[in-house]
2 protein chains.
Amino acid sequence: MKKKQTSPNISKNFMDHNHDLCFESALKDFKQHFIEKELKLTPLRLKVFQLLLKDHRPLGAYQILDLLRKDGFSSTPPIAYRVLDFLIEHGFVHKIKKLNAFVACSHPGNSHSPTFMICRKCEKVAEINEKESGLKFNKETSSEFKIEEAIIELIGICKNCTKIEVI
Amino acid sequence: MKKKQTSPNISKNFMDHNHDLCFESALKDFKQHFIEKELKLTPLRLKVFQLLLKDHRPLGAYQILDLLRKDGFSSTPPIAYRVLDFLIEHGFVHKIKKLNAFVACSHPGNSHSPTFMICRKCEKVAEINEKESGLKFNKETSSEFKIEEAIIELIGICKNCTKIEVI
DNA sequence: TTAGTAATGTTATAATATAACATTGACTTA
DNA sequence: TAAGTCAATGTTATATTATAACATTACTAA
Ligand SMILES: [Zn+2]
Ligand SMILES: [Zn+2]
Ligand SMILES: [Zn+2]
Ligand SMILES: [Zn+2]
């Protein structure tokens, strides 16, 4: 008998988890997509993506520039914005409008319309897909308006921070 | 027998409509809320709201400043941002993150979590409420994350621009 | 009155983002 | 191999969006 599939843990980013594994797995995926899509994986692109994988917290462009500087990269604004544009265009990174900041995508490779949960306490972010969010627009809306892009950002308190709050 | 209620026309802002009526009605509502909430309706606050009511297109803070200047108001950045903050705080105005711009609220007075449809062609915006959008989050998401605020902005093509496109 | 306060005015600067052009280095191909 | 091409990165300057800090005004309340 097939084991019952548990629902995916959408809160993983907020909770303790083996982040080394998490990091390495995302990085492997990232590299694989570069190969499959025949994109050029430069040191700068790799570095910026690694920075964004650090701890599920978004980074602003100027934070990224500071970190690049420390690693000996050039660090004028266009450097960061160009690499971010590239990574966004190819689906590796998203911008969080609420924060004017950037996160590594959790489902890279496929074009998709992400929903974000943003914890205002720990400042971590988790990306969830349409199935996980259960988010649906009704028929009338679709007939009234042809949706091409949806920005959905949920701001609140994550499971972990709720747990801590209660005590 | 009561006449059957037709569904609210969520596309009104995008279509031809009696905008003088639309404008005056919104303005009357606005003034009424100031009275009910005992807020001070200053010339500046009134002017900024009127500017935002002009044509269902969002205005940037610096556009608003230009328009204020033409009307003899002071027009340094804090003037606009302070009035906008006030109007947002009291539910008369929303900020569209996608555009870094501001729109008059369509359901002023009540605290609510608006969804915006943004037409990338005519650049008009319509605000829809939860019922109209049919937008719902599933139970699991709620238990995993306590949502306090939701930013939802749908970018696409409105009914009117679709009609024009087809020809 | 005068002291308090909300609103507006003013100056300066912070934070975010892009335009325009120069240089580098890898790859092509004559 | 030398010249040409092009994507990536480097550099300088500037645009756009937003806030901090303090001054003035004008109404209100002892
Ligand atoms: Zn992780
Ligand atoms: Zn949290
Ligand atoms: Zn109207
Ligand atoms: Zn349109």
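All chains are named by letter (A, B, ...) in the order of the sequence lines, taking the proteins before the strands, and each is independently numbered beginning at 1. What you see below is based on every heavy atom in this structure, not just the backbone, and it leaves out hydrogens, waters and symmetry mates.
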Open item on the list: For A/Cys158, is there any backbone N or O sitting under 3.5 Å from a side-chain donor or acceptor partner on A/Arg120?
Closed with: no
Open item on the list: Could you see if A/Leu87 belongs to whatever hydrophobic cluster contains A/Ile79? Use Ile, Leu, Val, Met, Phe, Trp, Tyr and a side-chain cutoff under 4.5 Å.
Closed with: yes
TODO: Using a strict cut-off of less than 4.0 Å between a Lys/Arg side-chain nitrogen and an Asp/Glu carboxylate oxygen, indicate whether A/Arg57 and A/Glu123 qualify as a salt bridge.
DONE: no
Task: Nucleic acid contacts - residues 34-54 of chain A versus DNA chain D, non-hydrogen atoms under 4.0 Å - done: A/Thr42, A/Leu44, A/Arg45
TODO: State which residues pass side chain to side chain contact (heavy atoms under 4.5 Å, CB included) with A/Gln50; sequence neighbours excluded, sorted by chain then number.
DONE: A/Phe23, A/Leu27, A/Leu46, A/Lys47
TODO: Could you check how far NE2 of A/His90 sits from P of D/dA7, rounded to whole Å?
DONE: 12 Å
Task: Any residue meeting side chain to side chain contact (heavy atoms under 4.5 Å, CB included) with B/Glu36, in chain and number order, not counting sequence neighbours - done: B/Gln32, B/His33
Open item on the list: So does B/His56 get a backbone contact from the side chain of B/Asn13, meaning a donor-acceptor N/O pair under 3.5 Å?
Closed with: no
Open item on the list: Would you say B/Asn100 places a side-chain N or O within less than 4.0 Å of OP1 or OP2 belonging to D/dT16?
Closed with: no
Open item on the list: Can you measure A/Lys98 atom NZ to C/dT16 atom C1' for me and round it to whole angstrom units?
Closed with: 16 Å
Task: Sorted by number, the residues of residues 56-86 of chain A with heavy-atom contact under 4.0 Å to DNA chain D - done: A/Ser74, A/Thr76, A/Pro78, A/Ile79, A/Arg82
Task: Partners passing ring-ring contact (aromatic ring centres under 6.0 Å, His included) against A/Phe92 (at least two apart in sequence or in another chain) - done: A/Phe30, A/Phe34
TODO: Determine which pairs satisfy side chain to side chain donor-acceptor pair (under 3.5 Å) with at least one residue from residues 76-88 of chain B, sequence neighbours left out, and list them in order.
DONE: none
